[in-house]
Amino acid sequence: MCGRFTMHHGPDELMARFDIQGSLFEPTARYNIAPTQPVAAVTAHGPRAERLLEPLHWGLVPFWAKDTAIASKLINARSETVQEKPSFKHALSRRRCLIPADGFYEWDRKTKQPTHFRVRGGELFAFAGLYEEWHAPDGSPLRTCTVLTTEANALVAPIHERMPVILQNPDDEAMWLEVGRYKPLDLPPLFSPFPADQMDAIFVSKRVGSPANDDAELLVPVG
DNA sequence: CCAGACGTTGTT
DNA sequence: GTCTGG
DNA sequence: CCAGACGTTGTT
DNA sequence: GTCTGG
């Protein structure tokens, strides 16, 4: 699955890599992004699908939810079943987003040893994400998101059975964002696990366990 | 019809 | 053990 | 995902 | 809002 990730590339690289036209905030380098925190997300708007960088809180709150308690349970959506789940159905057809990242963490369930996985070369990539806008009783809006998951590839599998859906190239990213053109039934081809032979893995410090730790030292290899 | 859930992961 | 918060 | 809390009443 | 279970 995906319950923690990194995004330390700068705003300029981010804007260029994903062809983003506008921004609602300046993301800072992050080495330990945890559920409930704001993440940098790319959403598309209008007939020309103009791309906007905006902060979304990680943990989906469907628009019909009574309160936000459901958020921490909806940090991931299984790509195999996302189309049939009431919590995700609406967002899958209308509100898809890219969640830029440069790595993600998985924990060995027996030893608790955390591993950082990244695309070889440290490149930026995007998770397939969904988002929603929820309104509090007083009318104030809350924009939230979730990360799709798929089966683990051969690199991740020894650590964990699941991994995030990583879109494999800019064409796939465009397809994911074009909600008007591509419907839920067109999307499963995008859900294949990212190729293991294009990724690297390193063991990292158990300090990553606490979301309060968020510094570049977390990416220094250990063991 | 209404009431109640709506999720994933991992562990047993 | 289970839930909440980050 | 992990870390950390896990409760009520009444009083300040 | 929408689906499932009773």
CZ of A:F127 versus P of D:dC1: gap in Å, rounded? 14 Å
Salt bridge present between A:D19 and A:R51 (N-O < 4.0 angstrom): no
Roughly, in whole Å, what's the span from CE in A:M163 to P in B:dT9? 13 Å
DNA chain B contacts among residues 184-196 of chain A, heavy-atom distance under 4.0 Å: none
Classify A:T146 by what it touches in the nucleic acid, base, sugar-phosphate, or nothing, heavy-atom distance under 4.0 Å. nothing
side-chain N/O A:R162 vs D:dC1 OP1/OP2, d < 4.0 Å: no
Please check: side-chain N/O of A:D200 versus main-chain N/O of A:R118, any donor-acceptor pairing under 3.5 Å? no
Is a side-chain donor or acceptor of A:N32 paired with a backbone partner of A:V208 at a separation under 3.5 angstrom? yes
Sugar-phosphate, base or nothing in reach of A:F88, heavy atoms under 4.0 Å: sugar-phosphate
Runs of at least three consecutive Watson-Crick or G-U pairs, both distances under 3.5 Å, are what I'm after; which ones involve DNA chain B? B:1-6 with E:1-6
Quote, to the nearest angstrom, the P distance that separates C:dT4 from B:dC6. 15 Å
From the options D:dC1, B:dT8, B:dG7, select the nucleotide whose nearest atom is closest to the side chain of A:S87. B:dG7
Counting the atoms with a prime plus P, OP1 and OP2 as sugar-phosphate, which does A:R4 contact under 4.0 Å by heavy atoms, base, sugar-phosphate, or nothing? base
If you group Ile, Leu, Val, Met, Phe, Trp and Tyr whenever their side-chain heavy atoms sit less than 4.5 Å apart, what else falls in with A:V179? none
Ionic contact status for A:E178 with A:K183, cut-off 4.0 Å: no
Could you go through A:M199 and A:N153, starting from their C-alpha distance and side-chain angles, then the distance that decides it, and tell me whether this counts as side-chain contact (heavy atoms from CB on, under 4.5 Å)? CA-CA 10 Å; A:M199 291 177 64; A:N153 64 23; 3.5 Å; yes
Under 4.0 Å from a heavy atom of chain A: give me the 5'-most and 3'-most nucleotides of DNA chain E that qualify. E:dG1 to E:dC3
Looking at every strand, decide which applies to A:T36 at a 4.0 Å heavy-atom threshold: base, sugar-phosphate, or nothing. base
Could you tell me whether the side chains of A:T149 and A:N76 share a donor-acceptor contact shorter than 3.5 Å? no
Stepwise side chain to side chain donor-acceptor pair (under 3.5 Å) test for A:T6 and A:H116: CA-CA 9 Å; A:T6 57; A:H116 186 253; 3.0 Å; yes
Please determine if A:E54 and A:R143 form a salt bridge, counting it only when a charged side-chain N lies under 4.0 Å from a carboxylate O. yes
Sequence neighbours excluded, which residues qualify as ring-ring contact (aromatic ring centres under 6.0 Å, His included) partners of A:F5? A:W58, A:F127
Over how many whole Å does the gap from A:K110 atom NZ to B:dT9 atom P extend? 18 Å
How is A:E161 classified with respect to the nucleic acid when contacts are heavy atoms under 4.0 Å: base, sugar-phosphate, or nothing? sugar-phosphate
Just checking, any donor-acceptor pair under 3.5 angstrom between side chains of A:E132 and A:T144? no
When you measure from the side chain of A:R120 to the backbone N and O of A:D197, does any donor-acceptor pair fall under 3.5 Å? yes
In residues 57-77 of chain A, which residues come under 4.0 Å of DNA chain E by heavy atom? A:F63, A:W64
Expressed in whole Å, how much space separates the C1' atoms belonging to B:dG7 and E:dT2? 16 Å
For residues A:F63 and A:H90, establish whether the separation of their ring centroids is below 6.0 Å. yes
Residue pair A:T36 / A:H57, side-chain donor-acceptor N/O under 3.5 Å: no
